[in-house]
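Beneath this line is the structure, given in structure tokens, with notes to follow.
For the single chain, residues carry numbers from 1 onward in sequence order.
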Amino acid sequence: MIRTLVSVVELGGYADFGPLYRRLGFEPETVNSGRRALSTVKQLEPAAVVAEFNYQSDFRDRTSALESLLALTQGMADARVVVIYEPRDEPQLERLRQRFPSFTAIPRPVREADLERVLRNGMA
């Protein structure tokens with residue numbers, strides 16, 4: 001059985017984890033926008049999603065576009081969500097976690113070993 005992983009890379013600035021995802025048994029699909037991520041996740045219903053938290057202070061009713069993605073994945077019982085964030089944005093991330101408690105967060109700089117551990121633990 002092929003397990004899909006959707007990687008949402010809007011800002012990047014870290015290694016390409018495609019080889020790691022494949023080594024862990026995922027077929028990675030990379031998208032570069034929140035809007036594209038929503039349609040891809042709806043279509044593929046992935047086993048895992050790795051996305052960035054890009055805090056946007058100009059949003060009045062939300063902290064980031066990630067909220068829509070997290071709302072969508074809540075209805076997918078088997079989907080594991082990993083969020084990459086900037087340590088300076090941790091207070092805003094915690095506000096997001098209050099609404100969507102089911103994701104795992106990894107601070108930048110992202111270490112492959114940390115990402116591997118989180119994905120392995122979530123997929124056992």
Side-chain angles (χ1 to χ4, degrees):
M1 180 175 127
I2 295 176
R3 299 180 304 169
T4 305
L5 180 146
V6 174
S7 175
V8 186
V9 181
E10 295 179 278
L11 296 177
Y14 46 86
D16 173 10
F17 294 116
L20 168 66
Y21 301 148
R22 284 186 278 285
R23 191 171 71 242
L24 294 175
F26 293 105
E27 181 63 39
E29 178 74 29
T30 301
V31 297
N32 299 107
S33 75
R35 180 171 288 168
R36 179 80 195 274
L38 289 172
S39 64
T40 301
V41 168
K42 281 180 191 176
Q43 177 187 3
L44 299 178
E45 296 190 18
V49 176
V50 178
E52 299 168 337
F53 176 67
N54 300 318
Y55 176 62
Q56 296 162 310
S57 62
D58 56 333
F59 281 17
R60 266 204 288 185
D61 59 339
R62 302 182 291 153
T63 58
S64 78
L66 180 62
E67 289 183 52
S68 299
L69 185 61
L70 291 171
L72 176 62
T73 59
Q74 279 191 320
M76 299 176 181
D78 298 328
R80 174 78 167 171
V81 179
V82 179
V83 174
I84 296 169
Y85 71 97
E86 287 288 344
R88 70 175 178 265
D89 294 333
E90 193 165 5
Q92 291 80 15
L93 181 72
E94 288 308 314
R95 284 186 20 221
L96 184 65
R97 189 184 299 280
Q98 289 173 6
R99 290 188 55 212
F100 303 100
S102 61
F103 65 86
T104 301
I106 297 177
R108 291 178 186 256
V110 182
R111 293 184 348 186
E112 184 173 312
D114 292 339
L115 184 55
E116 180 173 0
R117 179 184 39 78
V118 166
L119 289 171
R120 281 190 189 277
N121 289 342
M123 297 297 148

Can you list everything that forms a side-chain contact (heavy atoms from CB on, under 4.5 Å) with Ala51? Sequence neighbours excluded, please.
Val8, Val49, Leu66, Leu69
Atom OG1 of Thr30 and atom CG of Leu5: how far apart are they, to the nearest 0.5 Å?
8.0 Å
For Leu11, is there any backbone N or O sitting under 3.5 Å from a side-chain donor or acceptor partner on Glu52?
yes
Who passes salt bridge (charged side-chain N to carboxylate O under 4.0 Å, His left out) against Asp16, sequence neighbours left out?
none
What residues form a side-chain contact (heavy atoms from CB on, under 4.5 Å) with Thr104, not counting sequence neighbours?
Arg80, Val118
Checking the side chain of Glu67 only, and the main-chain atoms of Leu96 only, is there a donor and an acceptor separated by less than 3.5 Å?
no
Taking all atoms of both residues into account, what is the closest heavy-atom pair of Glu112 and Leu20, and its distance?
CG-CD2, 3.8 Å
Glu29: side chain to side chain donor-acceptor pair (under 3.5 Å) partners, not counting sequence neighbours:
none
Residues two or more places apart in sequence or in another chain: which of them pass side-chain contact (heavy atoms from CB on, under 4.5 Å) with Pro109?
none
Provide the closest heavy-atom pair for Leu119 versus Ala48 in the form atom of the first, atom of the second, distance.
CD2-CB, 4.2 Å
Applying ring pair (Phe, Tyr, Trp, His ring centres under 6.0 Å), name anything that partners Phe17, two or more places apart in sequence or on another chain.
Tyr14
Nearest 0.5 angstrom please: Asn54 CG to Ile84 CD1, how far?
10.0 Å
Got Phe53 and Gln92 here, is their nearest side-chain heavy-atom distance under 4.5 Å?
yes
Please identify each residue that fulfils side chain to side chain donor-acceptor pair (under 3.5 Å) with Ser33, with sequence neighbours left out.
none
Are any of the side-chain heavy atoms of Ser7 and Pro28 separated by less than 4.5 Å?
no
Not counting sequence neighbours, which residues clear side chain to side chain donor-acceptor pair (under 3.5 Å) with Glu116? List them please.
Arg23, Arg120
According to a hydrophobic-cluster definition based on side-chain heavy atoms being under 4.5 Å apart (Ile, Leu, Val, Met, Phe, Trp, Tyr only), do Leu70 and Leu44 belong together?
yes
Taking all non-hydrogen atoms of both residues into account, name the closest pair between Pro87 and Pro107 and its distance.
CG-CB, 4.1 Å
The criterion is salt bridge (charged side-chain N to carboxylate O under 4.0 Å, His left out); which residues satisfy it with Arg97, sequence neighbours excluded?
Glu94
Could you tell me which residues satisfy salt bridge (charged side-chain N to carboxylate O under 4.0 Å, His left out) with Arg117, sequence neighbours excluded, listed by chain and number?
Asp114
What closest approach, in Å, do Glu10 and Gly34 show between heavy atoms, and which atom pair accounts for it?
OE2-N, 3.4 Å
Apply ring pair (Phe, Tyr, Trp, His ring centres under 6.0 Å) to Phe100 and list each qualifying residue two or more places apart in sequence or on a separate chain.
none
Under the side chain to side chain donor-acceptor pair (under 3.5 Å) test, residues paired with Glu86 that sit two or more places apart:
Arg108
Can you tell me how far the CD atom of Gln43 sits from the CG atom of Leu38, to the nearest 0.5 Å?
13.0 Å
